[in-house]
Number of protein chains: 2
Amino acid sequence: MARTGRPREFDRDKAIDAATALFWAHGYEPTSLTQLKASMGHISPASFYAAFGSKEALFREVVQHYLATYGQVMAPLWDESLPPREAIERTLRGSARMQAARTHPTGCLVVSGASNCSPENEPVQALLAAERQRTRAGIKACVERAIARNELKASPSTDILPNILATFFHGMTCEARDGMTVDTLDAAITSLLTLWDINTVKPLKNRQKNTENTGVRL
Amino acid sequence: MARTGRPREFDRDKAIDAATALFWAHGYEPTSLTQLKASMGHISPASFYAAFGSKEALFREVVQHYLATYGQVMAPLWDESLPPREAIERTLRGSARMQAARTHPTGCLVVSGASNCSPENEPVQALLAAERQRTRAGIKACVERAIARNELKASPSTDILPNILATFFHGMTCEARDGMTVDTLDAAITSLLTLWDINTVKPLKNRQKNTENTGVRL
DNA sequence: TAATTTCTGGATCGATTAATATGGAAGTCT
DNA sequence: AGACTTCCATATTAATCGATCCAGAAATTA
């Protein structure tokens, strides 16, 4: 769009990165414009508003950027070329590794990015809530696909499986932020997936071997 | 202590109740002094500070009050007169029912009460983090007690069981706040506890009957 | 009644919030 | 070169933040 005129002096992409780190670590409301501008190289208010519009608009950009990068650990959920169980397992293990990493704030931005909000910022909360709902739908679709492929038997305990997985998944944010390591989370995932395996149509004695050679992305 | 002088005109206990509802719904930082004072009957700043000292001191009182009332759903964890599995089950079901109830804000105050915090309020975050750690210790103690009583076999998958339960437990806050009903959470708990049962020393064929006649408190 | 204590309302503190306005320098395009 | 666009830095907006202070009213006890 902007092709003429004086070019911006700060790197917009790096600014988004810096804003992501701040919002991720402290949440939407506690992150002040002063902090944001400082993290972008002490840019002026005018530069900030010209580049991003508002704090909320910046946050929405940050969320999109997060989903397009870190959030890609959940991509297997919608990859229908993967066996459903592997899609779930890759998502869980990838998320565990991402959320517990020390190279950025721990936990998931979508879960904890706006969990404490004033009523006037309810739209921000709704944005993340919608994204979490998308995750639940993805998990549910995997389980239903497994049933359709005759890999899981249809039963009440299979019906509730997506809810268990979603609850555990969202709980990882709290655990990671409280210091749980990736190894511990990974071991928990291995054990949790037993709940999947005991609902398979033909239980294999050595099914647990599957959990070792499934790669983890990112 | 205060026996003479003009008595306070507002009900301090009701004020704590009102503050609990606000902090629970919006979190520590987004809840302003103005809101707090208004919820206590539009009391004056002087009355507020005379009665509570500061916003942070009030929050600490609120947390104690929360733990002594709503938080008592976790009491079974430290009740050694209960069989360990029943202690865990009562805690999970009681928490699910409490967190999903519509008579107060959903979710758990200890999990979401200060999840978005500025660095200067780190002590508030630490207060809740310590309480969460106490919960994890309680869950772990139950599992270890079950092993000591020869009700669970010692194994790697038993070792990780407390972490799975804690992650699920803390995830319930996110699910409840996003609208998951108590019935759904309850069904998920029933299925999750299968992970306990498959690690029992002598697996009973009709173990699942146990999940029906265990009472739920509060 | 007198003395004491603690309440109340209102004004106010400095700091910080997100957002806007202004004026001029800097760089791009024709 | 000249026109144009967009940048930057500095001030400043009104509102709100948590917290403090003071004067006077009110209720207790002696």
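Every chain is numbered from 1, with letters handed out A, B, ... down the list of sequences.
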Please report, rounded to the nearest Å, how far the [atom2] atom of [N] is from the [atom1] atom of [X].
| X | N | atom1 | atom2 | answer |
| --- | --- | --- | --- | --- |
| R8(B) | dT5(C) | CZ | C1' | 13 Å |
| K37(A) | dA9(D) | NZ | P | 11 Å |
| D11(B) | dC7(C) | CG | P | 14 Å |
| R12(B) | dT6(C) | CZ | P | 15 Å |

>> Applying side chain to side chain contact (heavy atoms under 4.5 Å, CB included), can you list everything that pairs with L58(A), at least two apart in sequence or on another chain?
In response: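 Side chain to side chain contact (heavy atoms under 4.5 Å, CB included) check on L58(A) returns I16(A), A19(A), F23(A), L36(A), M40(A), F48(A), F52(A), V62(A).
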
>> Test of understanding: with side chain to side chain contact (heavy atoms under 4.5 Å, CB included), list the residues that count as partners of S39(A), not counting sequence neighbours.
In response: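 For S39(A) the side chain to side chain contact (heavy atoms under 4.5 Å, CB included) partners, ignoring immediate neighbours, are A18(A), L22(A).
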
> Which of residues 120-127 of chain B have a heavy atom under 4.0 Å from DNA chain D?
Replying inline: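 Those residues: none at all.
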
>> Quick test of your reading: applying ring-ring contact (aromatic ring centres under 6.0 Å, His included), list the pairs with at least one residue in residues 106-139 of chain A, sequence neighbours left out, ordered by first then second residue.
In response: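 For residues 106-139 of chain A, and leaving out neighbouring residues, there are no ring-ring contact (aromatic ring centres under 6.0 Å, His included) pairs at all.
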
Any side-chain to backbone donor/acceptor pair from [X] onto [Y]? Under 3.5 Å, distance only.
| X | Y | answer |
| --- | --- | --- |
| H65(A) | E61(A) | no |
| D79(B) | A87(B) | no |
| N121(A) | V124(A) | no |

Kindly list each side-chain donor-acceptor pair under 3.5 angstrom involving residues 98-107 of chain B, sequence neighbours excluded, with atom names and distances?
unit_1  : atom_1 : unit_2  : atom_2 : d
Q99(B)  : OE1    : T173(B) : N      : 3.3
Q99(B)  : OE1    : T173(B) : OG1    : 3.1
H104(B) : NE2    : M98(B)  : O      : 2.8

> Which residue lies toward the 5' end of DNA chain C, A46(A) or F48(B), if each is placed at its nearest nucleotide?
Replying inline: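 Here F48(B) is the residue nearer the 5' end.
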
>> How would you summarise protein contacts on nucleotides 12-18 of chain D per nucleotide, using B for base, S for sugar-phosphate only and - for none, with heavy-atom distances below 4.0 Å?
In response: -----SS

> Contact class for F10(B) vs. all strands (heavy atom < 4.0 Å): base, sugar-phosphate, or nothing?
Replying inline: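 Sugar-phosphate contact only.
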
>> Between Y28(A) and F59(A), is the ring centroid distance below 6.0 Å?
In response: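 Here the rings of F59(A) and Y28(A) have centres that are less than 6.0 Å from each other.
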
